[in-house]
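Just the heavy atoms: all of them, side chains too, but no hydrogens, waters or symmetry mates, feed the values below. The shown structure was predicted, so the numbers you read here are calculated from the model rather than taken from an experiment. The sequence lines fix the lettering, A, B, ..., with proteins before strands; numbering per chain opens at 1.
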Number of protein chains: 2
Amino acid sequence: MKDVAARAGVGLKTVSRVVNGEPGVTADTAERVQTAITALGFRRNDSARILRKGRTASVGLVLEDIADPFYSALSRAIEEVSRLHGSLLFTGSSDEDPEREEQLALAFCARRVDGLVIVPAAGADHRYLEPEIRAGIATVFIDRPPLGLDADTVLTANASGAREGTAHLIRQGHRRIAFLGDSPDIHTAAERERGYREAMADAGLPVHDSWVAMGPTGPERVGAALDAVLAGPTAATALFCGNNRVTVAAVRQLRALDRQVALVGFDDLEFADLLSPGLTVVAQDPAGIGRTAAQLLFARLDGHTGPGRRIELPAHLVMRGSGEIPPA
Amino acid sequence: MKDVAARAGVGLKTVSRVVNGEPGVTADTAERVQTAITALGFRRNDSARILRKGRTASVGLVLEDIADPFYSALSRAIEEVSRLHGSLLFTGSSDEDPEREEQLALAFCARRVDGLVIVPAAGADHRYLEPEIRAGIATVFIDRPPLGLDADTVLTANASGAREGTAHLIRQGHRRIAFLGDSPDIHTAAERERGYREAMADAGLPVHDSWVAMGPTGPERVGAALDAVLAGPTAATALFCGNNRVTVAAVRQLRALDRQVALVGFDDLEFADLLSPGLTVVAQDPAGIGRTAAQLLFARLDGHTGPGRRIELPAHLVMRGSGEIPPA
DNA sequence: GTGAAAGCGCTAACAC
DNA sequence: GTGTTAGCGCTTTCAC
């Protein structure tokens, strides 16, 4: 910038004015500065600008795994809103590891992002963010609520969604319904299990211990859980799957066993309508969650204050066949 | 930092040393500084650090759409390698718009990212990056080569993959094979079409004009193209789909038409094995592409110089049923 | 309309 | 071992 000023024969501040489109420069000088800029290939260094201005026009996003379609849809929505507000987006995957979540979030804070959007890792205690939030970093939690902190939060109505899905299976005549879920220390998993149990209770149905299998979403664990749930005298006649990965693993295992069992899954899947039968799901709105979260974030950055707001987005049942299979 | 120094009764540089774990500080002073740091809730401002050090420990990634599973897998791999090198990742989606690609890339450059990974948007001319690259920003292109620039590039062997997939259909006895592709101004689309034509030529088969339909990957366009390709006296008996979105749209349309037609798709899909018949695909390795690209990038940052390297990763055929349907 | 000086928070270079 | 000084590239303030 100094070089540009020298070459254009103007002061530093004038170059700054031109570069930032500020008023108070004659068209003539502006043009001279422009010429110097192109001649020298000058590009403003935003790092320096940031240092001076305080705001970095960037947002940090910490999620479990950007390769998961649920999170990548979320991410895209946040990116869109950020772009409208002139912000760039840092992204990082925690792999459900609280330590990594913290490292990422604090690294973003050290870069002085204006805001943070976090999908809490299982069991993470978010008090580590207190000083950062006090220091002015707007923070929104999505998909799962924070632990030990009051902050804006955007969630899916997990319990009522799961209840709706389970009730649907009950309406089809099922009495022995299994729930295959993610690890119970994950908020969404626990909430969905709760919704499942509520639906069963609503219908006056017992829940046999062997019907509820919570744990990692790897195909081996889910496959084994499925085998167990479908065996013995109290074998379930229908399955409720707690998230997209469980559903995929379960469908695959049912295919391997060559069994047709009623199934409703939480989370929609791109190919859900192309399976035979089509997959009945309780669909979330990842883009809606992301958009809403980003809007809350920028509202804070635009000056909104007050206690954390908690927004729940509905999940809705999409019938495609697998959930409408009657009991054997 | 000044405040910490004052409170600990030491010089600025000593605080800097402690914060960065540099040697030359007695355990005693270090502890005093630490105490002051926690008392004041001090966190190093990496923006300022960056301004001084020159390196920002960040990488910018520009791709078409982070919500697309192919790109999100890519993104995850790049993130992993970046993390190993202590770098954070900016991500931005261009939506196949060259102007947006340029805006994003230049915004990242203005933040002085150390490196740039770019999936070129269709038709983008990359000479806009010349000054940036000269200024030292390491740049790697993935999935598609740059235009008007020599730079590191990581591609899939698109033509040979498409040739292999088409040859597979020919081996099943098909003679009239259609190619449904993305817009021909997209490098991957053009290359895959080339591979398809080569395979047909290898087998001494003609390619009827009406069999090749290139264009947007929206379901309407693909559905209409499919209808056309399957109609009339020269109706194709098999389909080669040029990418994951085309494949999904085509499978959906075939389902709607209630027709079983042999189909091989470029790109693997999560549920490909669960369809009936299973989807035969020419699978790329998105994670491999991302990893390789990031490695090339950090090699440059670690001092590697020389002309742009071009790496092609193989695509391989995965047979699952849809590609093994014989002609009617 | 324009520019000089100070300073954002840090680190490099060199003193002591 | 520790501190001082200068300066990274920009914006802010205020004087002209």
Discussion item. By the definition side chain to side chain donor-acceptor pair (under 3.5 Å), identify the one residue from A:Asn243, A:Thr188, A:Thr156 that meets it with A:Gln284.
Written reply: A:Thr156
Discussion item. Walk me through whether A:Lys13 and A:Glu22 qualify under salt bridge (charged side-chain N to carboxylate O under 4.0 Å, His left out).
Written reply: CA-CA 10 Å; A:Lys13 178 64 203 175; A:Glu22 286 170 23; 3.6 Å; yes
Item to complete: Considering just the side-chain nitrogens and oxygens of B:Thr26, establish if one lies under 4.0 Å of OP1 or OP2 belonging to D:dT2.
Response: yes
Worksheet entry | Note, A:Leu129 side chain near A:Leu116 side chain (heavy atom, < 4.5 Å) | yes
Practice prompt. Could you walk me through whether B:Arg245 and B:Asp182 pass salt bridge (charged side-chain N to carboxylate O under 4.0 Å, His left out), step by step?
Written response: CA-CA 9 Å; B:Arg245 289 182 302 257; B:Asp182 209 333; 3.7 Å; yes
Worksheet item: If you round to the nearest 0.5 Å, how far is CG of A:Leu149 from CD1 of A:Ile118?
Response: 9.0 Å
Discussion item. At under 4.0 Å between heavy atoms, how does the protein contact nucleotides 9-16 of chain D? Give one character per nucleotide, 5' to 3', with B, S or -.
Written reply: BBBB----
Practice prompt. Under the salt bridge (charged side-chain N to carboxylate O under 4.0 Å, His left out) rule, what do A:Arg76 and B:Asp95 come out as? Steps first, then yes or no, please.
Written response: CA-CA 11 Å; A:Arg76 179 64 204 262; B:Asp95 260 342; 2.7 Å; yes
Practice prompt. Using only side-chain N and O atoms of B:Thr14, determine if any of them is under 4.0 Å from OP1 or OP2 of D:dG3.
Written response: yes
Fill in: Whether B:Phe298 and B:His85 hold their rings parallel, tilted or perpendicular, with breakpoints at 30° and 60°
parallel
Item to complete: Report which part of the nucleic acid B:Ser47 touches: base, sugar-phosphate, or nothing (heavy-atom distance under 4.0 Å, all strands).
Response: nothing
Fill in: Range on DNA chain C touched by chain A - first to last nucleotide, heavy-atom distance under 4.0 Å
C:dG1 to C:dG9
Worksheet item: How far apart are the C-alpha atoms of A:Phe90 and A:Val62, what are their side-chain angles, what is the distance that settles it, and do they pass the side chain to side chain contact (heavy atoms under 4.5 Å, CB included) test?
Response: CA-CA 8 Å; A:Phe90 279 114; A:Val62 182; over 6 Å; no
Fill in: Side chains of A:Thr153 and A:Pro146 in contact at under 4.5 Å (non-hydrogen atoms)
yes
Worksheet item: Got a salt bridge between A:Arg100 and B:Glu80, using NZ or NE/NH1/NH2 to carboxylate O under 4.0 Å?
Response: yes
Response to the item:
In short, the helix from C:dG1-D:dC16 to C:dC16-D:dG1 is bent end to end, axes from five pairs each side, to 10°, by 40°
